[in-house]
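Inspection log for the structure reproduced underneath, given as structure tokens.
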Amino acid sequence: MSMNSVGRPTRAEGDAVAGFASLTGARGLLQDEALIFERNGWGKTGVDLETPSRSSSDLGDLVRSAPIGLPGLSEPEAMRHYVRLSQKNHAIDLALYPLGSCTMKHNPRLNEKVARLPGFADLHPMAPVSTVQGALALMDRLAHWLKTLTGMPAVALSPKAGAHGELCGLLTIKAAHEAKGQGHRRLVLVPTSAHGTNPATAAFVGYNVAEIAQTEDGRVDLADLEAKLTDDVAAIMVTNPNTCGLFERDIIEIARLTHAVGAYFYCDGANFNAIVGRVRPGDLGVDAMHINLHKTFSTPHGGGGPGAGPVVLSEALAPYAPTPWVVSGEDGFRLVEETEAEAADSFGRMVAFHGQMGMFTRAYAYMASHGSDGLRQVAEDAVLNANYIKARLSGAMTAAFPDGPCMHEALFDDRWLEGTGVTTLDFAKAMIDEGFHPMTMYFPLVVHGAMLIEPTETESRQELDRFCDALLALAQAAKAGDADRFKGAPYLAPLRRLDETLAARKPRLAWRPEPTTVAPAPIAAE
Ligand SMILES: *Cc1c(COP(=O)(O)O)cnc(C)c1O
């Protein structure tokens, strides 16, 4: 049996389920299969093409001397391969996806329908502005909603993910400092519970990063922040609600202290879903905040599609925003693309074109179909669902911050597993056998063995109950001394414990032919 570096089985061999293993490695109707390139159909083709009558080529010695190296599959073979692959993966369309900090919510089909309208889907980014007025109008309306919901006067739509939005925010802040003769500021302050992208972005922009300590109740330690706020600080990056799922009660004071030393307040807005329609970050003193359209505004997430991370900006930062942006004038909409005239202070451009148009259409469809009252209810229901989970599981598992309600996510630590021989990782793997994708594990780092659960508003009470029932049954098994069951889990997944250390240290990201796999016959060039 193949094992990973900590001695857990990686493949479903031998005694998988009560001594049963299939003869072929299949699981139910899910076949065990090789990569599409390893199927060895090199000489075959799935299509009937007539042999070209002329075999000479105008390409001279540029003509290909070996086969192109595509596997020769028929249409059903190719189709089935990809559908089977999709079944080996989890998706929000299959079940609850309780990843904390990630806001994995349902992607409404209405959004998909709107994004596929030919007037949006078939546009080319270089089409003349006069021919794409509808698309520009949509971008303008999306910008209007984002500005209204956040209470901020400007927005840069082009960043393509949350982390890209952080980069946009910090480059804007850097440009603003430089314009004011404050380019010497070298430091960005980040709380210990921050998402890893925050310090990484600050370092990428060339800043030094210092940590702000956390209080016992999971919030920014104001005294520590005050001590570290010197005139060398360019910005602070604070997430609100934070990654412990808690609202930063002192947020207005945090903004005031930051501005008092001439620094800017970057807010990581990945958790905006918890407060959308209820709190406007602009009212809290935020200068820049990214919004993950693939979180709060329900566009597909991760493998489901590209992200989008628009950044809202305060009056002080707006002049330095990246191009392009849309303005409406007497002759309709136009794009500001060059860093001159009205964009003379812009720090430049982050992407080749205008951002993820397909995500803009989906996010706008989501906003328009919910309306402002619907969006407020989203935040309320997301918080209600997280508190329901916190309340149902707190008897069996230890809440990291038991006092008071949480916001949109419920955070547990691993004190309740002490002495059971079961770790957070083992517990998460056992959830897979019960039909539930694990929650976010071991993050935030400030909580030992963290299990961060974010149900979002799109789950029903029945679904939350099924999830809680499964976790409570597992918790009981862990406490009853059944550690072995957890060590071997998952039993029913196509693969079991992959060697994550090896995968991280020596990733194999590209398939390379084994010398024996391909025996290319040279194509005779005349
Ligand atoms: C998701 C997330 C990010 C990064 O967003 P991406 O779109 O994945 O780049 C940053 N901060 C927090 C708190 C997040 O949850």
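Atoms within each ligand, like the ligands themselves, are counted from 1 in listed order.
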Which residues pass the ring pair (Phe, Tyr, Trp, His ring centres under 6.0 Å) test with [X], sequence neighbours left out?
X      : answer
His177 : Tyr264
Phe272 : none
Tyr97  : His90, His437

Starting at CE of Met451, measure out to CH2 of Trp416 and round the result to the nearest 0.5 Å. 5.0 Å
Using a 3.5 Å cut-off on N/O to N/O, what pairs does ligand 1 make with the protein? A line per pair would be great.
from, atom 1, to, atom 2, distance (Å)
ligand 1, 5 (O), Asn292, ND2, 3.0
ligand 1, 7 (O), Gly162, N, 2.7
ligand 1, 7 (O), Asn292, ND2, 3.1
ligand 1, 7 (O), His294, NE2, 2.7
ligand 1, 9 (O), Gly162, N, 3.3
ligand 1, 9 (O), Ala163, N, 2.8
ligand 1, 11 (N), Asp268, OD1, 3.4
ligand 1, 11 (N), Asp268, OD2, 2.6
ligand 1, 15 (O), Ser101, O, 2.5
ligand 1, 15 (O), Ser101, OG, 2.7
ligand 1, 15 (O), Lys295, NZ, 2.8

Going through the distances and angles, do Val220 and Gln214 end up as a side-chain contact (heavy atoms from CB on, under 4.5 Å)? CA-CA 5 Å; Val220 166; Gln214 175 171 306; over 6 Å; no
May I ask you to say whether Arg376 pairs ionically with Asp381, meaning some side-chain N is under 4.0 Å from a carboxylate O? no
